[in-house]
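When a ligand or atom number is given, it counts from 1 through the structure's own listing order.
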Amino acid sequence: MVTVHVHAAQDNLPERLGKYLLAEQDKALSQSNTFKVAISGGSLVNVLKKGLIEDSKIAPKVKWDQWEIYFVDERIVPLNHPDSNYGAFKFSVLDHLTTKQPKVFPLNESLVGKGPEENKKIAQEYEDLLPKDLDSLLLGCGPDGHTCSLFPDEVHKYLIEEKKQRVMWCYDSPKPPSDRITVTLPVLAEAKEIAFVAEGASKQPIMHEIFDVKNTELPTALINKLYGDKVTWFVNDEAFAKVETKTF
Ligand SMILES: O=C1O[C@H](COP(=O)(O)O)[C@@H](O)[C@H](O)[C@H]1O
C-alpha cells in the first residue's frame with residue numbers, strides 16, 4: 001500500500017520531506033558510510049532547497065559529506081545549460097553548501113552533442129556508475145503522469161517496458177529537450193525507498209488519474225502498483241483537491 005502525506009497550505013511540505021530524508025539518511029548511515037540517493041529535476045530541486053538548506057532545524061543535521069547523489073533522469077545538454085537537471089540542482093542546493101559537499105554524479109559532459117552513438121554511450125556509462133543499492137529515489141510527477149523520463153504514451157513504451165538496461169537514452173522526449181537519459185523500472189525495483197513530490201493545481205487532473213482511476217498506463221500509477229509498499233507521496237492539498245479515494 002502506498003503512503004500519502006497530503007499537506008494543507010499552512011503546512012510545510014518541504015519540512016516534512018526534509019524530516020523524511022533525515023530519517024532515511026540516518027537509517028542508511030547506521031548500516032553503511034554513505035547515503036545513496038537518486039533525484040529528479042523539475043520542481044523537486046526547489047523543495048529540496050527549502051527542506052534541506054533553508055530549514056534551520058533540518059540543515060545542520062544533513063550529513064552532506066556522506067551523501068552520494070545521482071540523477072534518475074538527465075537532459076543531454078552541457079551541465080551549465082538551463083535545461084540541465086544537474087545544473088538546476090547545483091544552482092538550488094550545491095551552490096549554497098559552504099562546508100561539507102556531497103559526492104555528485106553528473107552525466108559524462110564530454111560526450112554531449114556528439115550524436116546518437118555517444119548518447120547511447122552516455123546512458124551506458126551512467127548505468128555502469130549507478131549503484132544497485134540506492135537507498136532512496138526522489139521523484140517528480142509531470143502533469144502527463146511521467147516520472148524520471150518515462151513517458152506514458154504508446155511511442156515511449158520502449159522505456160517503461162525495458163527489463164534489462166537500467167539506464168536508457170530517451171531520444172524523443174515530448175517535453176523538451178528531446179534527448180535525455182532515464183533510469184528504467186529495474187532501478188525502481190532495486191531501490192530501497194521511493195518518494196514522489198507533487199504540488200500545485202496543475203497536477204490536479206493527473207492526481208485524480210493516478211489515485212482514483214489508478215490508470216497503470218501512467219508510469220507513476222504503475223510504480224504505485226508495482227512497488228507500493230516502499231512508495232511515499234508528498235503532495236499538497238491543491239494538487240490533491242480532485243482526489244476522492246481515501247485508500248491507496
Ligand atoms: O522533465 C522533467 O519533468 C519531471 C516533472 O517535473 P515537474 O517540474 O513537473 O515536477 C521531473 O521529475 C524530471 O526529472 C524532469 O526531467
Side-chain angles (χ1 to χ4, degrees), residues 4-5 7 13-14 17 21 37-51 69-94 104-107 112 119 122-123 126 130 134 136-153 155-156 159-160 166-185 187-188 191 193-211 218-224 227 231-236 238-240:
V4 181
H5 299 290
H7 295 264
L13 188 154
L17 181 71
L21 285 172
V37 196
I39 65 169
S40 292
S43 54
L44 175 80
V45 294
N46 278 324
V47 183
L48 293 177
K49 180 185 182 189
K50 288 185 194 150
I69 301 178
Y70 303 85
F71 295 88
V72 292
D73 72 324
E74 180 57 290
R75 291 87 178 270
I76 305 185
V77 293
L79 299 180
N80 64 359
H81 189 281
D83 286 332
S84 165
N85 284 344
Y86 168 84
F89 180 65
K90 179 176 181 298
F91 179 75
S92 295
V93 175
L94 296 176
V104 185
F105 295 84
L107 53 65
V112 169
N119 289 345
I122 290 172
Y126 210 78
L130 191 68
L134 286 164
S136 203
L137 303 185
L138 300 179
L139 307 183
C141 169
D144 59 353
H146 86 271
T147 189
C148 310
S149 285
L150 301 169
F151 294 95
D153 44 63
V155 288
H156 296 98
L159 297 167
I160 197 74
R166 296 164 63 240
V167 178
M168 284 188 80
W169 169 34
C170 164
Y171 47 79
D172 52 1
S173 166
K175 177 178 172 184
S178 159
D179 288 309
R180 295 154 171 246
I181 58 168
T182 182
V183 301
T184 55
L185 285 188
V187 174
L188 282 287
E193 296 289 335
I194 299 170
F196 283 96
V197 176
E199 291 186 286
S202 67
K203 304 279 162 84
Q204 281 175 8
I206 202 67
M207 291 296 115
H208 167 70
E209 199 64 23
I210 294 168
F211 289 100
L218 304 171
T220 36
L222 182 64
I223 290 166
N224 278 354
Y227 313 119
V231 171
T232 305
W233 282 79
F234 295 88
V235 297
N236 66 359
E238 224 185 350
F240 234 54

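For atom 9 (O) of ligand 1, the nearest protein heavy atom (residue, atom name, distance) is Lys203 NZ, 2.9 Å. If you check which protein heavy atom lies closest to atom 4 (C) of ligand 1, you get His146 NE2, 3.3 Å. Asp73 OD2, 2.6 Å is the protein heavy atom nearest to atom 16 (O) of ligand 1. Ranking the protein heavy atoms by distance from atom 6 (O) of ligand 1 puts Lys175 NZ, 3.7 Å first.
Taking the side chain as every heavy atom from C-beta outward, Leu150 and Asp73 never approach each other to under 4.5 Å. Looking at Val183 and Leu188, their side chains come closer than 4.5 Å, going by heavy atoms from C-beta outward. Counting heavy atoms from C-beta outward, Arg75 and Ser84 have side chains that stay 4.5 Å or more apart.
The contact set between ligand 1 and Arg180, taken as ligand atoms under 4.0 Å from a residue heavy atom, comprises 1 (O), 2 (C), 16 (O). Set against the non-hydrogen atoms of Gly42, the atoms of ligand 1 under 4.0 Å away are 6 (O), 8 (O). Listed by atom number, the atoms of ligand 1 under 4.0 Å from Gly140 heavy atoms are 12 (O). Atoms of ligand 1 found under 4.0 Å from any heavy atom of Ser40, numbered from 1 in the order shown, are 12 (O), 14 (O).
Not less than 6.0 angstrom separates the ring centroid of Phe71 from the ring centroid of Tyr126.
Other residues, nucleotides and ligands contribute only 12 or fewer heavy atoms inside 6.0 Å of the NZ atom of Lys90. Summarising the local packing, CZ of Phe91 is surrounded by 12 or fewer heavy atoms from other residues, nucleotides or ligands at distances under 6.0 Å.
In this structure, of Ala88, Gly41, Ser43, the residue bringing a heavy atom nearest to atom 7 (P) of ligand 1 is Ser43.
Across all non-hydrogen atoms, the minimal contact from Ile160 to Leu185 is O-CD1, 3.6 Å.
Between Ser149 and ligand 1, not a single N/O pair is under 3.5 Å apart.
Using bins of under 30°, 30° to 60° and over 60° for the plane-to-plane angle, the ring pair Phe240/Phe211 lands in the perpendicular bin. In this pair, Trp169 and Tyr171 present their aromatic rings perpendicular. The plane angle is above 60°, beyond the 30 to 60° band.
At a heavy-atom distance under 4.0 Å, only backbone atoms of Cys141 (N, CA, C or O) approach ligand 1. The part of Arg75 lying near ligand 1 is the side chain, judged by heavy-atom distances below 4.0 Å. Only side-chain heavy atoms of Asn85 come within less than 4.0 Å of ligand 1; its backbone N, CA, C and O stay farther off.
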